[in-house]
Amino acid sequence: MTVLKTSLRNFLAHKGRMALSAVAVLLSVAFVAGTLVFSDTMNTTFDKLFATTASDVTVSPKDAAADDEIPQTGRPATLPAALVERVRKAEGARNVQGAVVSMSVTVVNSRDENVGPTSGGPTIAVNWTPNELRSVEIASGHEPRGPTEVLIDAGTAEKHRLKIGDELRTIAVTGDFTAKISGIASFRITNPGATVVWFDTPTAQRGLLGKEGLFTQIAADAAPGVSDEKLKEAVAAEIGAGYKLQTAAEATDAGREDIAGFLDVMKYAMLGFAGIAFLVGIFLIVNTFSMLVAQRTREIGLMRAIGSSRGQINRSVLVEALLLGVVGSAAGVASGIGLAVGLMELMSSMGMELSTQDLTVRWTTPVVGIVLGVVVTVLAAFVPARRAARVSPMAALRDAGTPADGKAGVVRGVLGLVLTGAGAAALWAATRADEAGAGSLWLGLGVVLSLLGFVIVGPLLSGGVVRVLGLFVLRVFGPVGRMAERNALRNPRRTGATGAALMIGLALVAALSVVGSSMVASATEELDRSVGADFIVQSANGQPVVPQAQAAVEKVPGLDHVTEYRWIDVTVTDPRGKAEKTGLVAADPTYAQDVRRDTTSGTLSEAYGPDAMSVGSDYAAEHGVKVGDKLTVAFAGGGRAVLRVAAITSDANNIDKTVKYTSLATAEKYVPAEKMPKSMIVFATAKDGQEAAAYQALKDALKPYPQYKVADQADYKKDLQDQVGQLLNMVYGLLALAIVVAVLGVVNTLALSVVERTREIGLMRAIGLSRRQLRRMIRLESVVIALFGALLGLGLGLGWGTAAQKLLALEGLGVLEIPWPTITAVFVGSAFVGLFAALVPAFRAGRMNVLNAIASE
């Protein structure tokens with residue numbers, strides 16, 4: 001009980017000094033709790049959507065694509081309308097409806113503007129049936145009653161300012177058709193960002209499937225007292241094999257699996273960054289308790305002198321850490337819920353609607369957040385607590401604030417150097433790896449070991465690095481600068497730990513900058529070397545090029561040739577009889593000019609001849625294939641062919657690596673027209689001297705089809721750079737959390753350091769140091785600590801990034817690009833971080849009463 005009272009008294013007495021450490025715990029726990037709440041809310045939203053829209057039993061074609069996939073043919077798989085009557089005859093079936101659903105559509109307004117989502121969500125075209133009233137209600141107007149009417153969801157109507165009577169054009173692989181808005185429907189549940197349009201059944205069949213008498217699904221509900229499983233068995237017995245049947249639960253599970261990958265990537269990426277923030281927070285907590293123990297050396301000595309045991313002193317410090325962890329974690333859980341709501345609002349602003357009514361806080365979330373925060377805080381305080389327990393009763397005779405360990409020990413230095421050397425060796429091994437898998441293991445090991453090594457050896461490095469920085473940064477400020485340098489050198493362990501917190505975040509920033517820049521530079525070089533086409537036409541969401549858009553491209557004047565690029569799923573059997581599911585690119589012979597591929601044997605142009613193909617060098621080596629061999633190719637949705645290998649392409653190229661080619665004519669010979677995939681990409685090359693005119697003509701020709709983008713090589717490179725830049729900016733934004741915690745660490749270190757040096761500051765003020773000089777001294781100390789951490793972090797990150805690039809070179813990204821402007825900006829920015837972190841401690845030091853400071857013990 002005495003230990004608890006002492007801990008509570010000390011905690012409340014130093015609550016101001018604990019505040020920043022509590023904020024670090026709060027931020028780290030908030031990120032974990034916010035991530036869990038956000039991902040659980042996403043799951044709840046989609047589960048409600050799937051459960052509401054799913055019928056008791058759904059019948060689909062056997063070869064139907066997944067719900068989140070766009071068929072390569074641009075047309076969903078279908079069922080005959082006669083099957084609806086057969087399902088109605090199943091025992092226990094009622095309310096059987098045929099459904100037409102297609103995501104292979106684009107809907108545009110009268111100004112040829114795409115009214116689909118910009119967040120990556122789908123545009124879904126559906127036939128209107130009474131089943132739709134489960135999930136929506138008609139807010140105004142009426143349901144579609146003929147080929148000239150369409151119903152649209154309220155979210156899309158509001159976003160694009162659409163109203164009843166406005167005309168919409170629907171673009172599908174079967175052709176374009178227009179209709180006027182007859183009504184606007186509001187979702188009864190959350191619509192997570194899709195654009196939905198409804199047509200009457202005949203119009204949906206003709207416009208989306210090409211003819212009437214077809215459905216993509218059949219939905220059946222069970223009669224009272226009939227389970228979903230029983231109805232599924234009855235339907236299967238009635239219609240026979242050859243169809244995919246799902247109960248409502250199975251359909252919900254399948255839908256959940258379709259989005260699980262996306263949600264898991266978000267969840268684990270955000271938790272990873274929360275882990276980084278926790279790691280940085282550990283340094284802050286260790287520093288805080290180390291300095292508090294040092295400042296209370298005399299107090300602890302007195303406690304030991306009057307009978308307190310080492311165990312009691314140890315427990316007293318750990319109880320303070322426990323209190324800090326509980327308070328910070330509880331506030332972090334509450335903040336995490338607010339963060340989740342903020343993320344939902346952000347996603348909604350980007351077009352993915354999430355309702356706070358679906359906000360899901362499971363009981364495990366606060367438990368995980370609080371337990372994690374408390375455990376991390378107590379573990380971080382363990383070493384300072386042991387150090388406090390070793391304080392002897394004789395310490396009561398010494399001045400408080402004397403550092404317990406002025407220099408890093410020899411053992412610490414040796415261990416740090418050994419780990420750093422082992423990390424460097426592992427990184428070097430990663431650069432020498434022959435396979436990406438093995439190299440990735442070496443890279444991960446090298447990152448962990450080198451990081452631990454730098455953390456441990458940091459205090460040993462701080463003396464030399466701070467002195468060098470002092471020559472360039474501090475000495476120009478005269479005596480004040482020299483005092484700032486001595487203050488930073490006074491406690492190498494403290495300086496090293498404070499700099500290490502900033503080092504971790506900046507090391508990751510530097511490494512990712514190197515990887516991102518190298519990816520862009522490698523891809524740019526590959527484009528310059530391999531791509532001969534002037535223009536590339538494709539959609540952003542993977543939609544195939546519809547025939548009417550293809551025809552518009554082919555009519556553009558000034559083009560030398562247009563090349564179709566179609567991907568066909570096939571099963572290839574090699575001469576040894578080994579079968580392998582893979583893809584085959586069917587293209588026009590001009591593709592060999594549009595994308596230049598080196599060959600190791602044979603001639604690529606011959607691969608576009610009748611019943612011929614090419615294979616990649618990796619496939620040829622693995623399967624023992626050579627030019628002249630014949631491979632059996634089974635086309636998905638088509639027949640079997642025996643094709644002669646006319647060329648083996650080099651897989652040293654990164655573009656189209658491992659791809660097999662054949663001609664469109666050969667593919668069309670074995671695949672029926674209705675099963676033939678549409679072009680995923682269209683390449684075009686202008687006649688000499690007509691590039692600019694052809695570029696503009698292409699853009700004009702495709703204006704009615706806004707789902708497709710025309711890019712010349714400069715556009716393509718810029719898009720690639722923008723995509724990598726957006727990804728890096730997102731990562732940098734998440735890493736900013738770790739950097740914020742590191743800044744708090746610098747603030748806390750300086751604040752506690754000022755308290756520790758209260759008497760010293762008073763004496764300096766008494767002998768003539770002005771308030772302005774005092775504040776400058778503290779700011780300069782902060783700047784040099786921040787630059788020390790930045791120097792270590794950027795150096796470490798450059799090593800990680802270089803090793804990662806060498807590993808990526810195995811995948812064709814062979815150009816190492818160091819983004820020196822970014823590295824320089826980060827280093828200079830670190831000085832401003834130091835200045836910002838010192839504002840409050842310097843202001844408080846400047847306001848200190850001189851006489852009270854001198855009298856301070």
Side-chain angles (χ1 to χ4, degrees), residues 72-74 104-114 116 167 169-178 524 527-567 585-597 604-605 608 655-656 661-668 673 676-720:
Q72 294 176 337
T73 60
S104 302
V105 296
T106 301
V107 179
V108 302
N109 60 20
S110 58
R111 297 182 297 278
D112 289 331
E113 296 169 342
N114 192 344
E167 190 172 77
R169 178 166 57 92
T170 302
I171 304 168
V173 72
T174 53
D176 299 359
F177 57 102
T178 59
T524 298
L527 284 168
D528 290 337
R529 184 168 61 90
S530 301
V531 178
D534 293 323
F535 313 112
I536 301 170
V537 178
Q538 60 182 342
S539 73
N541 63 352
Q543 280 196 12
V545 180
V546 295
Q548 52 271 40
Q550 173 84 34
V553 171
E554 292 172 350
K555 293 177 182 176
V556 170
L559 294 180
D560 181 71
H561 66 263
V562 174
T563 303
E564 294 186 56
Y565 181 101
R566 306 190 187 195
W567 181 272
V585 169
D588 294 308
T590 49
Y591 186 69
Q593 304 169 39
D594 296 328
V595 175
R596 297 182 284 268
R597 294 293 307 274
L604 188 55
S605 59
Y608 295 98
I655 292 182
D656 272 5
Y661 300 113
T662 191
S663 68
L664 273 176
T666 297
E668 289 169 347
M676 173 63 75
K678 303 301 178 185
S679 296
M680 300 307 298
I681 306 175
V682 173
F683 296 87
T685 299
K687 296 177 181 178
D688 290 341
Q690 299 186 38
E691 290 83 2
Y695 178 51
Q696 187 58 49
L698 262 177
K699 295 177 77 171
D700 292 341
L702 288 176
K703 187 178 179 181
Y705 305 99
Q707 68 269 43
Y708 305 116
K709 180 176 180 180
V710 180
D712 60 11
Q713 292 201 22
D715 293 334
Y716 204 80
K717 292 173 186 176
K718 185 178 182 303
D719 286 346
L720 178 66

Query - Asp560 side, atom CG; Gln690 side, atom CD - distance, nearest 0.5 Å - result: 9.5 Å
Expected list for residues 545-555: side-chain donor-acceptor pairs under 3.5 angstrom, two or more places apart:
unit_1	atom_1	unit_2	atom_2	d
Gln548	NE2	Ala172	O	2.9
Gln548	NE2	Asp176	OD1	2.6
Gln550	NE2	Glu554	OE2	3.0

**Report entry** Sequence-distant partners of Lys718, side-chain hydrogen bond (donor to acceptor under 3.5 Å, both in side chains), two or more places apart
**Finding:** Asp722
Query raised in the report: Quick one: are Glu113 and Val108 in side-chain contact, heavy atoms under 4.5 Å?
Result: no
Query raised in the report: Going by heavy atoms in the side chains, are Leu664 and Tyr608 under 4.5 Å from each other?
Result: no
Report task. Using the test ring-ring contact (aromatic ring centres under 6.0 Å, His included), find all partners of Tyr705 that sit at least two apart in sequence or belong to another chain. Result -> none
**Report entry** Derivation and outcome, side chain to side chain donor-acceptor pair (under 3.5 Å), residues Asp588 and His561
**Finding:** CA-CA 10 Å; Asp588 294 308; His561 66 263; over 6 Å; no
Report task. Enter the distance from Asp719:CG to Ile536:CD1 here, rounded to the nearest 0.5 Å. Result -> 9.5 Å
Query raised in the report: Would you call Val107 and Asn114 a side-chain contact if the rule is heavy atoms closer than 4.5 Å?
Result: no
**Report entry** Lys709 side chain reached by Val537 side chain, heavy atoms, under 4.5 Å
**Finding:** no
Requested in this report: State whether the number of non-hydrogen atoms from other residues, nucleotides or ligands found under 6.0 Å of Phe177 atom CZ is greater than 12.
Outcome: yes
Report task. Look up atom OH in Tyr565 and atom CG in Asp594, then write down how far apart they are to the nearest 0.5 Å. Result -> 11.5 Å
Query - Contacts of Ser605 that satisfy side-chain contact (heavy atoms from CB on, under 4.5 Å) - sequence neighbours left out - result: Thr603
**Report entry** Pairing residues for Ser110 by the side-chain contact (heavy atoms from CB on, under 4.5 Å) criterion, not counting sequence neighbours
**Finding:** none
Only pairs under 3.5 Å count here: list side-chain donor-acceptor contacts from residues 694-703, not counting sequence neighbours, and write none if there are none.
unit_1	atom_1	unit_2	atom_2	d
Tyr695	OH	Asp715	OD2	2.4
Gln696	NE2	Asp700	OD1	3.0

Query raised in the report: Considering residues at least two apart in sequence or located in another chain, which fulfil the ring-ring contact (aromatic ring centres under 6.0 Å, His included) criterion with Phe683?
Result: Tyr591
Query - SB check Arg566 Glu564 (cutoff 4.0 Å) - result: yes
Report summary line: For Thr590, the side-chain hydrogen bond (donor to acceptor under 3.5 Å, both in side chains) test, sequence neighbours excluded, returns Thr563
Report summary line: CD (Gln713) and CZ (Phe535) are apart, to the nearest 0.5 Å, by 10.0 Å
Query raised in the report: About how many Å separate CD of Gln538 and CE of Met680, when rounded to the nearest 0.5 Å?
Result: 8.5 Å
Query raised in the report: Quick one: side-chain hydrogen bond (donor to acceptor under 3.5 Å, both in side chains) partners of Thr73, sequence neighbours excluded?
Result: none
Report task. Determine yes or no for a side-chain-to-main-chain donor-acceptor pair under 3.5 angstrom, with Ser663 supplying the side chain and Thr666 the backbone. Result -> yes
Query - Residue list, side-chain contact (heavy atoms from CB on, under 4.5 Å) with Ser539, at least two apart or on another chain - result: Asn541, Gln543, Tyr708
Requested in this report: With sequence neighbours left out, write down each residue that passes salt bridge (Lys or Arg N to Asp or Glu O under 4.0 Å) with Glu668, or none if nothing qualifies.
Outcome: none
Report task. Give a yes or no on whether the backbone of Thr524 and the side-chain of Arg529 come within a donor-acceptor separation of less than 3.5 Å. Result -> no
Report summary line: For Asp528, the side-chain hydrogen bond (donor to acceptor under 3.5 Å, both in side chains) test, sequence neighbours excluded, returns Lys717
